Structure formats: C-alpha cells, structure tokens
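Heads up, the thing below is written out as structure tokens.
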Amino acid sequence: MKILFTAVIILFGFYTHAQKIVKYYDKDWVESEPNKATYYAEFIKSGNLYKCTSYTTGTNTVQGKSTFPDTIMINPIGLQLLYNKKGKLEDSVFYADGKTKFLYHYHPNGKLEVYYYLPENKKEGIIEAYDEEGNKIKNYILTKDAAFKGGEKAWLAYLKKNVSNDFNIKREDIITANVQIQFVVDENGSVIKAKVLKSSGYKEIDKDALRVVSESPEWNNAILYNKPVKVYRIQPFTYVLEPEKKSK
C-alpha cells in the first residue's frame, strides 16, 4: 500500500504549473456557487485527462485525489484516494478498463472494513468485509446502483410518456434540441435537486425536461459499503420539433 501512496504523490506533483480549473459543490457534490459550497475541486489538464484534488471549503482538508477524462467527476481512471472529513484515508481504489480492479475501504477507527479485488478474466469480484472489531460480515453489499423501479426500460417509457410536444417556438424547419438534466437520487430513492446541466438554447424545452425529471416517481436507492447513499445522475433529452403548419 505504501508504494501506491507514494506513486500518487509523485503523480500529482507533475502538474503544479499547468492551467487550473476550480469547481464548487454543495454537501451532495452537486455543483454550486462558491459562497454556498461545502467542497471545491481543482482540475489540472494533463494530455487528454484531468488530475483532480478536492477539498472541504474553509479548512481546505483534502477529500480526494483522482484522475478523470473530464471535469464532471465520474469514471475515474487509475488510482483514486478518498478521505473522510478529518483527512484520514477512507478509500483506496484502482480503476482500469472501466472496472474496479481492487478496493480498500476503512472504518473511521482506521481498521479495514472491505477488501475487494477482481481476478484476471473474471466478471465477479471477491469481497471480504469486517466490522470494527475485525469480525467477518456476511452478505455484505459493496455497491448497488440506484435504479428506477421497473428498470431502464420503465424509466425511458416514463420519460417518453411525460415529455411535452406542445411548445410555443416559431420554426420553419425541423428543430433538434438537446438538453441534459442533472439530478440526485437520495437515500430514500427520491429524486431531488434536478437542474439543467446543459441547455438546449430554448427555455421552454429546458423547463419541460426539468419538470419531467423533477416529477419522477421514487427509485430504488443506491447502496455503498452496505449503507444507502445519495447519487447523482445525468439524463439527456432530444426534442425534435416539426415545422409549423402554414395557414392557407
């Protein structure tokens, strides 16, 4: 483990003079205004990747060190280190080929809670979990993604059924409008904090997509380290508006 930690320190030391992008987040890691932020992250571009270090505002305690393909903070690449609010190591995870290759997660007292690894040429990983006294835990759920009740097909059916087809937008030709909505599925499966992540350029269309996501029925909540957690999702919409019929 010490070798991995040393490697990351060296890796993060190479880009101190590169251009820096800073983003701010609320307590749920949803982007926010700087004066309302609980966390902030610094992104340094290195080739086609972004080296990211995140902190708590005020105390500047390090919360994580990761590498991402963009600044959305999903799909980490390589080694990711995450820390608790006191700055103690909480997770050490290595990602490759879009998969978690190994993972260490620690209790607040510093003892190992979970060790996970994915053997070569295997689809299922091996999980070893322990309580704070070091006793093994059976039927431990390492991670389970949030899911719309009924599955992905039911979610897409809900979206299709509830989007509007009536917009007061003048058009002589076909209009294709794309909008992305970001939202949070909380610990109870409720959809909260929906917002426009990428505008279509049409307020009516943005508002409609936002409405559909905000009115979503409950989901099955996500689970991480055997506990319910909040997660955020991004839902793209594509609206195709036919030309208006000309009155004779």
Side-chain angles (χ1 to χ4, degrees), residues 1-15 23 25 28-29 39 41-56 61-147 185 187 220-234:
M1 294 299 293
K2 290 183 180 179
I3 295 175
L4 294 174
F5 299 157
T6 303
V8 168
I9 292 170
I10 294 172
L11 182 65
F12 277 84
F14 281 127
Y15 55 82
K23 288 190 173 185
Y25 307 87
D28 297 317
W29 287 96
Y39 308 102
E42 296 178 345
F43 298 87
I44 309 276
K45 191 167 186 181
S46 177
N48 295 323
L49 301 176
Y50 291 85
K51 309 295 183 181
C52 173
T53 304
S54 58
Y55 307 85
T56 54
T61 303
V62 175
Q63 290 295 289
K65 295 181 179 181
S66 311
T67 300
F68 298 101
D70 46 42
T71 61
I72 302 177
M73 291 183 73
I74 58 175
N75 300 322
I77 299 170
L79 186 64
Q80 180 181 59
L81 300 178
L82 301 176
Y83 303 84
N84 62 25
K85 292 181 179 180
K86 294 182 179 180
K88 292 184 178 180
L89 183 66
E90 193 169 58
D91 296 283
S92 176
V93 191
F94 187 82
Y95 299 92
D97 302 321
K99 298 178 181 179
T100 301
K101 294 295 185 178
F102 70 76
L103 174 152
Y104 294 88
H105 176 69
Y106 300 92
H107 286 291
N109 64 5
K111 291 186 177 181
L112 182 67
E113 179 177 346
V114 184
Y115 170 56
Y116 166 92
Y117 68 97
L118 181 64
E120 288 294 327
N121 303 317
K122 298 290 184 180
K123 294 183 179 180
E124 296 293 330
I126 296 173
I127 300 172
E128 297 177 6
Y130 307 88
D131 62 21
E132 291 185 288
E133 284 70 46
N135 302 309
K136 279 196 172 184
I137 301 174
K138 295 181 179 180
N139 303 318
Y140 187 97
I141 300 175
L142 178 63
T143 179
K144 185 178 180 181
D145 202 359
V185 180
E187 297 96 332
N220 293 317
N221 62 278
I223 295 175
L224 180 64
Y225 303 131
N226 224 31
K227 300 179 182 67
V229 292
K230 297 176 183 177
V231 293
Y232 74 83
R233 291 286 175 268
I234 297 172

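Keep in mind the model is a prediction, meaning the values are calculated, not measured. What's counted below: heavy atoms across the whole structure, side chains too, no hydrogens, waters or symmetry copies.
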- Query: If only atom types and distance count, is the side chain of Asp97 paired as donor or acceptor with the main-chain N or O of Lys99 below 3.5 Å?
  - Reply: no
- Query: Taking His105 for the side chain and Glu90 for the main chain, is one N or O donor matched with an acceptor at less than 3.5 Å?
  - Reply: yes
- Task: Would you mind reporting whether Val229 and Ile223 have side-chain heavy atoms less than 4.5 Å apart?
- Result: no
- More than 12 heavy atoms of other groups within 6.0 Å of Asn135 CG: yes
- Once you round to the nearest 0.5 Å, how far does CG of Asp91 lie from CG of Asn84? 9.5 Å
- Should the ring pair Tyr50 and Phe43 be called parallel, tilted or perpendicular, given that the plane angle runs from 0 to 90° and is split at 30 and 60? perpendicular
- Check whether any side-chain N or O of Asn226 sits under 3.5 Å from a backbone N or O of Tyr140 as a donor-acceptor pair, and report yes or no. no
- Item | Glu187/Asn221 under side-chain contact (heavy atoms from CB on, under 4.5 Å): CA gap, chis, key distance, verdict | CA-CA 6 Å; Glu187 297 96 332; Asn221 62 278; 5.6 Å; no
- Check whether the side chains of Asn75 and Tyr95 place a donor and an acceptor atom closer than 3.5 Å, and report yes or no. no
- Message: Any non-hydrogen side-chain atom of Phe68 less than 4.5 Å from a side-chain atom of Met73?
- Response: yes
- State, with a plain yes or no, whether a side-chain heavy atom of Ser92 is found less than 4.5 Å away from one of Leu103. no
- Report yes if the side chains of Leu81 and Val62 come closer than 4.5 Å at any heavy-atom pair, otherwise no. no
- Task: Measure the shortest side-chain to side-chain distance between Tyr130 and Glu113 over non-hydrogen atoms and say whether it is less than 4.5 angstrom.
- Result: no
- Message: With heavy-atom distances below 4.5 Å as the criterion, would you say the side chains of Val93 and Leu79 are in contact?
- Response: no
- Query: Hey, what's the ring geometry for Tyr106 with Tyr104, parallel, tilted or perpendicular (30° and 60° as the breaks)?
  - Reply: parallel
- Task: Determine yes or no for a side-chain-to-main-chain donor-acceptor pair under 3.5 angstrom, with Thr56 supplying the side chain and Thr61 the backbone.
- Result: yes
- Task: Find out whether Pro69 and Ile77 are in side-chain contact, i.e. whether some heavy atom of one side chain is under 4.5 Å from a heavy atom of the other.
- Result: yes
- Query: Do His107 and Glu132 come within less than 4.5 Å of each other through their side chains, counting heavy atoms only?
  - Reply: yes
- To the nearest 0.5 Å, atom CD of Glu42 lies from atom OG1 of Thr53 at 7.0 Å
- Could you give the distance from CG (Leu142) to CD1 (Ile127), rounded to the nearest 0.5 Å? 4.5 Å
- Out of curiosity, Glu124 CD to Leu118 CG, how far, rounded to the nearest 0.5 Å? 8.5 Å
- Taking the six-membered ring for Trp and the single ring otherwise, decide whether the centroids of Tyr39 and Trp29 are under 6.0 Å apart. yes
- Message: Using modelled atom types and a 3.5 Å cut-off, is there a donor and acceptor pairing between side-chain atoms of Lys23 and backbone atoms of Thr71?
- Response: yes
- Task: Drop me the distance from Cys52's SG to Ile72's CD1, to the nearest 0.5 angstrom.
- Result: 12.5 Å
- Item | Atom pair CD1 (Ile126) and OH (Tyr117), whose distance is rounded to the nearest 0.5 Å | 3.0 Å
- Task: Could you tell me whether the side chain of Gln80 and the main chain of Phe94 form a donor-acceptor pair under 3.5 Å?
- Result: no
